[in-house]
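Right, one structure below, let's go through it.
Nothing here was measured: the structure is a model prediction, and the numbers come from that model. Nothing fancy with the numbering, it's 1 onward along the sequence.
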Amino acid sequence: MALDIFGRIKDILAANIDELLSKAEDPELMADQMVCRYEDAIKDLLGSTASIMASAKEAKSRLDACDQEIEKYKTYAERALLDGNEEKARQAIALKQEKEGLRPTLEQTYLTVKAQAEKAESDYHKLEAGLEKTKARAEAMKNTVKTAKVKNMTSDVQSRSVNAASGVMNKFDQMEEKANRMLNEAEAKEQLLGRGSAAAELEALYGDQSEDSVEAELRAMKERMK
């Protein structure tokens, strides 16, 4: 979603530059429209960023709950052994190991969503800062046009309008380069984030699959409790 917003910002800038070429007589209106479209794009990004951040919080809650379950069943197994009830201890250990088996997936999900949330939040703040620069440039551009209009009273109106439009285009070309840079960085981060799942996948496929893990942990627990 964040990358889509960056694309929209780029399109907004490009579209308005083209529009300025064909309607150079009213660059002030073009500047106001550009700012409005930028603001709309940021509003969309705010919603998607909040959603991703909420997902990260939920993923962390699920991971914490799993850790609590693991610790709970470990305690149950130890109490069962103290009571001399090995069967209940085995049941508790089996439940504990079941939760331990789920934990890597929950942890990987949390780390992935957390990274996405951090990136989305960073992207939002970058665009927010970019909006302020856009407003300042638009205001400066409008002031430039007003000055040009005053000068046009004693000179060729058409020539002055073309020069003003050319100056506006150069300013927004710089803004477009910034938007492209932000887009490339966001795409690079997204590519880097995709490399973290290989270890978890290998662990799931080829990790310890011993069928006697419950008995092994039970014996180890009994030895510690002696």
Side-chain angles (χ1 to χ4, degrees), residues 1-14 34-77 92-136 175-209 213 217:
M1 180 64 178
L3 292 179
D4 291 341
I5 298 298
F6 278 117
R8 285 179 56 190
I9 292 295
K10 179 182 176 183
D11 291 342
I12 287 168
L13 297 179
M34 183 177 293
V35 171
C36 288
R37 293 180 189 178
Y38 204 128
E39 288 175 332
D40 289 341
I42 288 181
K43 288 178 183 177
D44 290 343
L45 183 59
L46 175 62
S48 65
T49 299
S51 178
I52 295 173
M53 292 174 69
S55 295
K57 186 175 181 179
E58 291 168 0
K60 182 61 166 61
S61 296
R62 288 192 292 270
L63 179 61
D64 290 343
C66 181
D67 286 337
Q68 292 172 3
E69 290 285 291
I70 291 171
E71 187 62 29
K72 179 181 72 173
Y73 288 124
K74 176 185 175 184
T75 301
Y76 287 174
I93 290 174
L95 290 171
K96 181 174 87 62
Q97 291 185 352
E98 180 181 337
K99 296 298 181 180
E100 289 172 339
L102 292 174
R103 192 185 188 285
T105 300
L106 294 175
E107 183 177 26
Q108 183 59 44
T109 298
Y110 166 64
L111 292 176
T112 299
V113 178
K114 178 175 178 288
Q116 292 175 344
E118 290 173 349
K119 182 175 78 67
E121 185 176 6
S122 174
D123 290 345
Y124 175 78
H125 290 311
K126 287 178 182 177
L127 283 184
E128 196 173 36
L131 174 60
E132 296 307 313
K133 293 179 181 179
T134 301
K135 288 180 177 179
M175 188 180 297
E176 183 179 21
E177 289 177 3
K178 276 195 173 183
N180 285 331
R181 175 66 178 177
M182 292 165 65
L183 173 62
N184 291 334
E185 289 179 358
E187 289 176 342
K189 290 179 181 178
E190 186 176 64
Q191 181 179 353
L192 291 174
L193 290 176
R195 298 177 180 173
S197 62
E201 182 178 356
L202 288 172
E203 181 65 26
L205 288 173
Y206 305 113
D208 183 14
Q209 299 178 3
S213 59
E217 184 165 342

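Screening L106, L111, L102, T109 against L63 for a side chain to side chain contact (heavy atoms under 4.5 Å, CB included) leaves a single residue, L106. Partner of E100 under the side-chain hydrogen bond (donor to acceptor under 3.5 Å, both in side chains) criterion, chosen from Q97, K96, R103: K96.
For K57, the NZ atom sits in a loose shell: 12 or fewer heavy atoms of surrounding residues, nucleotides or ligands are nearer than 6.0 Å.
Distance check: M53 CE to T49 OG1 gives 8.0 Å after rounding to the nearest 0.5 Å. Atom CD in E71 sits 14.5 Å away from atom NZ in K99 (nearest 0.5 Å). The NZ atom of K114 sits 10.0 Å away from the NZ atom of K60 when rounded to the nearest 0.5 Å. Distance check, rounded to the nearest 0.5 Å: CD of E69 to CG of D64 gives 12.0 Å.
Closest approach of Y110 and A59 over heavy atoms only: CA-CB, 3.7 Å. In terms of heavy atoms, A77 sits closest to I93 at CB-CG1, 3.7 Å.
Inspection of the Q116 and T112 side chains reveals no N or O donor paired with an N or O acceptor under 3.5 Å.
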